[in-house]
J.: 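Okay, handing you the structure first.
What you are looking at is a predicted structure, and each value in this text was computed from that prediction instead of being measured.
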Amino acid sequence: MPLLSGTVSVTRYNVTARPAGPPPLDEVAFREIDPASEVRESVGLLPFEPEADYQVGHDRYAFRLRVDKRRPDPTAVRERVRQLVAVELETTGVPFVGPKKRRALRELAEEEILPDTSPRTSIVECVLDGHVLYVGSTAKNTLGQVLTLLRKVGVSADPKTPWLDRGEPQTESDLVEMREPGASVLGCRFLAGLVGDREITFEPESGSVRLRTPEARVTLVGAILSDLIRYTERGVEVLSGKLTTGEVAFRLDGPTWRISGLKVETGRHDHWWELLDERLEGIAAVFERLDAKYEELDPAAQPAPVYRVEPLAASA
């Protein structure tokens with residue numbers, strides 16, 4: 001998932017601890033899987049370019065998370081298990097193969113097929129910029145892998161959200177349960193407060209919004225504004241929405257303050273690190289604009305919504 005090109009998905013962190021000098025990222029460098037081994041997954045960090053330096057500016061370090069996974073083809077495994085079961089029945093004379101033995105045969109089939117299985121590779125780009133960490137992903141598993149590797153080299157980070165930066169207490173909701181570190185219903189209240197805002201607005205024509213009502217989760221798509229107003233008047237929680245500033249469009253996940261679908265316009269550059277600088281500047285500007293709008297709306301100071309359940313319409 002790129003920071004350097006294309007549409008961006010990005011999660012932001014505050015770095016709470018790090019080495020005094022350059023972080024020793026080579027200590028958690030990626031290692032390719034030996035085809036003859038039984039290793040199924042390899043996770044590590046790489047520079048943006050082969051043999052390039054991790055440091056790309058003053059106190060700025062660019063690196064990529066690479067994950068290689070080997071998973072034997074399920075169809076080939078099933079076929080090999082059938083063959084092994086047939087051999088087992090023929091050699092032992094038993095009328096059937098039990099679950100425990102079948103599991104053992106499946107493990108044997110996977111071990112046989114694994115050496116001929118090529119790994120699938122995924123790459124996520126990240127930048128450690130001073131005391132702010134940008135990760136080019138919003139996937140929980142990927143974010144956890146990045147943070148785990150960084151902790152091994154002395155870098156610790158917590159989610160960077162406006163309510164955590166302002167030290168606001170956790171707020172409860174009857175509709176939404178927060179299960180991720182740093183997540184808060186205040187992000188949902190912020191999105192609800194954007195209804196009618198003139199600076200940051202919900203995409204009016206090709207919109208997309210996810211809501212939590214007292215009855216169920218609701219997704220609105222298309223020209224959503226009139227329906228969104230009707231729902232927010234009932235006191236729903238707005239989980240995420242496609243927003244626009246008039247200059248850029250993106251999706252914001254309210255509880256986690258993560259951005260996806262962001263297109264960053266840039267000029268031509270001779271070197272990739274110059275392009276990275278400009279794109280990172282554009283990403284940071286969007287977050288800063290959201291942070292400023294959050295401070296203006298101040299969801300923590302607003303009264304909690306009153307949830308109303310609309311009765312079902314009577315049949316004719």
Side-chain angles (χ1 to χ4, degrees), residues 1 6-12 135-144 159-164 168 170-246 248-263 283 286-287 289-291 293-294 297-300 302-310 312:
M1 298 181 185
T7 302
V8 175
S9 294
V10 61
T11 303
R12 210 177 38 158
V135 180
S137 176
T138 57
K140 290 187 290 185
N141 183 57
T142 299
L143 298 174
K160 182 174 177 57
T161 66
W163 48 87
L164 292 178
E168 295 172 345
Q170 182 60 270
T171 302
E172 301 296 329
S173 170
D174 294 333
L175 301 185
V176 183
E177 181 181 358
M178 298 296 117
R179 298 181 179 180
E180 294 191 51
S184 174
V185 73
L186 291 174
C188 302
R189 309 277 167 83
F190 168 78
L191 285 172
L194 289 180
V195 177
D197 193 88
R198 295 187 177 184
E199 295 181 0
I200 303 177
T201 63
F202 289 90
E203 173 60 46
E205 297 181 357
S206 56
S208 176
V209 178
R210 289 193 305 116
L211 313 169
R212 185 64 174 89
T213 74
E215 302 93 348
R217 289 179 181 266
V218 176
T219 299
L220 304 177
V221 294
I224 53 92
L225 290 182
S226 58
D227 286 333
L228 179 59
I229 292 173
R230 180 170 61 85
Y231 272 108
T232 53
E233 288 175 349
R234 295 176 53 197
V236 302
E237 301 288 7
V238 185
L239 302 176
S240 67
K242 185 177 179 182
L243 306 176
T244 178
T245 64
V248 294
F250 54 92
R251 173 176 285 276
L252 177 67
D253 183 81
T256 61
W257 212 247
R258 296 171 187 163
I259 287 176
S260 59
L262 172 64
K263 294 182 179 180
I283 293 169
V286 173
F287 272 118
R289 190 163 184 176
L290 288 170
D291 292 343
K293 179 57 68 172
Y294 179 94
L297 297 179
D298 198 5
Q302 303 299 322
V306 178
Y307 308 121
R308 294 187 294 108
V309 178
E310 293 183 352
L312 296 175

J.: Asp298: which residues meet the side chain to side chain donor-acceptor pair (under 3.5 Å) condition with it, sequence neighbours left out?
T.: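 Asp298 satisfies side chain to side chain donor-acceptor pair (under 3.5 Å) with Arg166 once adjacent residues are dropped.
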J.: Between atom CZ of Phe202 and atom CD1 of Ile229, what is the distance when rounded to the nearest 0.5 Å?
T.: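 Atom-to-atom, Phe202:CZ and Ile229:CD1 are 10.5 Å apart.
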J.: Which pairs with one or both residues in residues 217-228 pass side-chain hydrogen bond (donor to acceptor under 3.5 Å, both in side chains), sequence neighbours excluded?
T.: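 Qualifying pairs: none.
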J.: Which value, rounded to the nearest 0.5 Å, describes the distance between Arg12 atom CZ and Thr256 atom OG1?
T.: 11.5 Å
J.: Mind listing the closest non-hydrogen atom pair of Glu215 and Arg234 along with its distance?
T.: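 Nearest heavy atoms, Glu215 then Arg234: OE2-NH2, 2.9 Å.
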J.: Quick one, Pro299 and Glu168 - any side-chain contact, counting heavy atoms below 4.5 Å?
T.: no
J.: Taking the side chain as every heavy atom from C-beta outward, state whether Pro255 and Glu237 have any pair of such atoms under 4.5 Å apart.
T.: no
J.: Are the side chains of Leu262 and Val248 in touch, meaning some heavy atoms are under 4.5 Å apart?
T.: yes
J.: On a heavy-atom basis, which atom in Leu175 and which in Pro214 lie closest, and how many Å separate them?
T.: CD2-CA, 3.7 Å
J.: Between atom CG of Leu191 and atom CG of Leu252, what is the distance when rounded to the nearest 0.5 Å?
T.: 5.0 Å
J.: Is any side-chain heavy atom of Trp257 less than 4.5 Å from a side-chain heavy atom of Leu164?
T.: no
J.: For residues Ser208 and Arg251, is any side-chain donor paired with an opposing acceptor at under 3.5 Å?
T.: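 Judged by distance alone, the side chains do pair up.
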J.: When you look at Arg189 and Gln302, which way does the side chain to side chain contact (heavy atoms under 4.5 Å, CB included) test go after all the steps?
T.: CA-CA 9 Å; Arg189 309 277 167 83; Gln302 303 299 322; over 6 Å; no
J.: Quick one: which of Leu194, Thr245, Ile200 gives a side-chain contact (heavy atoms from CB on, under 4.5 Å) with Leu290?
T.: Ile200
J.: Is the side chain of Thr11 donor-acceptor paired with the backbone N or O of Ser137 at a distance under 3.5 Å, no angle test?
T.: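 Indeed, once roles are kept as given, a pair shorter than 3.5 Å links the two residues.
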J.: Are any side-chain N or O atoms of Ser184 and backbone N or O atoms of Gly187, one a donor and one an acceptor, separated by less than 3.5 Å?
T.: no
J.: With Thr161, which residues qualify under side chain to side chain donor-acceptor pair (under 3.5 Å), at least two apart?
T.: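 Thr161 satisfies side chain to side chain donor-acceptor pair (under 3.5 Å) with Trp163 once adjacent residues are dropped.
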J.: Got a second to check how far Leu220's CG is from Lys242's NZ, nearest 0.5 Å?
T.: 14.0 Å
J.: Who passes side chain to side chain donor-acceptor pair (under 3.5 Å) against Ser260, sequence neighbours left out?
T.: none
J.: Which is it for Asp253 and Thr138 under the side chain to side chain contact (heavy atoms under 4.5 Å, CB included) test, yes or no, and what are the steps along the way?
T.: CA-CA 9 Å; Asp253 183 81; Thr138 57; over 6 Å; no
J.: Among residues at least two apart in sequence or on other chains, which ones pass side-chain contact (heavy atoms from CB on, under 4.5 Å) with Glu172?
T.: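 So Glu172 forms a side-chain contact (heavy atoms from CB on, under 4.5 Å) with Gln170.
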J.: Provide the closest heavy-atom pair for Ser173 versus Val185 in the form atom of the first, atom of the second, distance.
T.: CB-CG2, 3.6 Å
J.: Output the distance between atom OH (Tyr231) and atom CD1 (Ile224), rounded to the nearest 0.5 Å.
T.: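 Rounded to the nearest 0.5 Å, the OH-CD1 separation comes to 12.0 Å.
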J.: Can you name the nearest heavy-atom pair linking Val8 to Val10, along with the distance?
T.: CG1-CB, 3.9 Å
J.: Do the side chains of Arg258 and Glu180 get nearer than 4.5 Å, heavy atoms only?
T.: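 Glu180 vs Arg258: side chains touch.
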J.: CG of Leu239 to CG of Leu211: how many Å apart, nearest 0.5 Å?
T.: 7.0 Å
J.: Would you please name every residue forming a side chain to side chain donor-acceptor pair (under 3.5 Å) with Thr201, sequence neighbours left out?
T.: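 In terms of side chain to side chain donor-acceptor pair (under 3.5 Å), with neighbours along the sequence ignored, Thr201 is linked to no residue.
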